[in-house]
Amino acid sequence: MGAVTKQTLFPPLMPAGRPFRVSNASRSSRKGIVASSLQELISKTLDAFLISAGIVTLVLEEDGTVVDTEEFFRSLDDNTHFMVLEKGQKWTQVSGDCLSLEQNWIEECLPKKKMGVANITFDLYKLNPKDFIGCLNIKATFYEIYSVSYDIKCMGAKSVLRKVLQLMSHAAQITGQFLLCTGTYMLQLL
């Protein structure tokens with residue numbers, strides 16, 4: 001009688017859910033799913049990937065082994081990566097350590113080519129909408145190790161005009177001094 005009471009008070013516990021990773025056949029989308037059985041994993045995968053067809057195949061992503069029995073499913077480690085295949089889709093091998101066939105994943109997997117010694121970038125931006133010209137940032141990177149950056153700031157139309165007028169005034173003063181010196185020298189020569 002004690003055993004019967006114990007069973008009614010403490011029903012057998014469901015096995016704890018385990019984490020798994022599931023991707024679609026093109027490896028473009030990956031989801032994390034927690035499931036305690038193969039059927040639960042399949043049903044959650046159908047919901048996660050919005051698959052309406054009830055016929056899917058669950059395979060190991062690394063080698064394409066079909067997972068179709070509960071015993072084999074329980075023997076797999078946590079965080080095992082699965083791939084869900086709909087009708088007509090087949091598992092394909094990915095070369096190297098690449099995890100996806102998308103362009104951005106392929107670029108990450110291929111060794112990067114060095115394009116040269118230096119990379120120079122010019123960024124033109126405005127800090128304020130009232131800025132006349134804006135700011136220019138020049139950045140040079142050498143051997144992808146050392147970089148130098150310089151900001152040239154031209155804030156407003158008034159300050160740009162003021163700087164141009166100051167430059168013209170200095171140029172006129174220098175020209176005037178040169179003409180005076182030249183005139184004085186010519187006068188002494190004559």
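Taking each heavy atom of Ile120 and Ala140 in turn, the nearest pair found is CG1-CB, 4.2 Å. The shortest non-hydrogen separation linking Asn137 to Ser149 is OD1-OG, 3.3 Å.
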Using atom types as modelled, flag every donor-acceptor pair under 3.5 Å from a side chain in residues 166-174 to any protein atom, sequence neighbours excluded.
none

Which pairs would a plain distance check flag for residues 181-189, meaning a side-chain donor or acceptor within less than 3.5 Å of a matching protein atom at least two apart in sequence or in another chain?
{"from": "Thr182", "atom 1": "OG1", "to": "Phe178", "atom 2": "O", "distance (Å)": "2.7"}
{"from": "Thr184", "atom 1": "OG1", "to": "Leu180", "atom 2": "O", "distance (Å)": "2.7"}

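Under the salt bridge (charged side-chain N to carboxylate O under 4.0 Å, His left out) criterion, no residue pair touches residues 180-190, with sequence neighbours excluded. Applying the side chain to side chain donor-acceptor pair (under 3.5 Å) definition to pairs two or more places apart or across chains, those involving residues 37-47 are Ser36-Glu40, Glu40-Lys44. Screening residues 18-50 for ring pair (Phe, Tyr, Trp, His ring centres under 6.0 Å) gives Phe20-Phe73, Phe20-Phe82 as the qualifying pairs, with residues at least two apart or on separate chains.
Through chains of ILVMFWY side-chain contacts below 4.5 Å, Trp91 is grouped with Val59, Val66, Met83, Leu85.
Legend: residues meeting side chain to side chain donor-acceptor pair (under 3.5 Å) with Asp63, ordered by chain and number and at least two apart, are Thr65. The side-chain contact (heavy atoms from CB on, under 4.5 Å) search around Ser75 returns Phe72, not counting sequence neighbours. In this structure, Asp68 has no side chain to side chain donor-acceptor pair (under 3.5 Å) partners at least two apart in sequence or on a different chain. The side chain to side chain donor-acceptor pair (under 3.5 Å) search around Ser23 returns His81, not counting sequence neighbours. With sequence neighbours excluded, no residue forms a salt bridge (Lys or Arg N to Asp or Glu O under 4.0 Å) with Glu86. Scanning for side chain to side chain donor-acceptor pair (under 3.5 Å) contacts around Asp78 gives Arg18, with sequence neighbours left out.
The structure places CG of Leu60 at 7.0 Å from OG1 of Thr80, a figure rounded to the nearest 0.5 Å. A distance of 12.0 Å separates CD1 of Ile55 from CD1 of Ile42, quoted to the nearest 0.5 Å.
You'll find the side chain of Asn24 stays beyond 4.5 Å of the side chain of Ile51, heavy atoms only.
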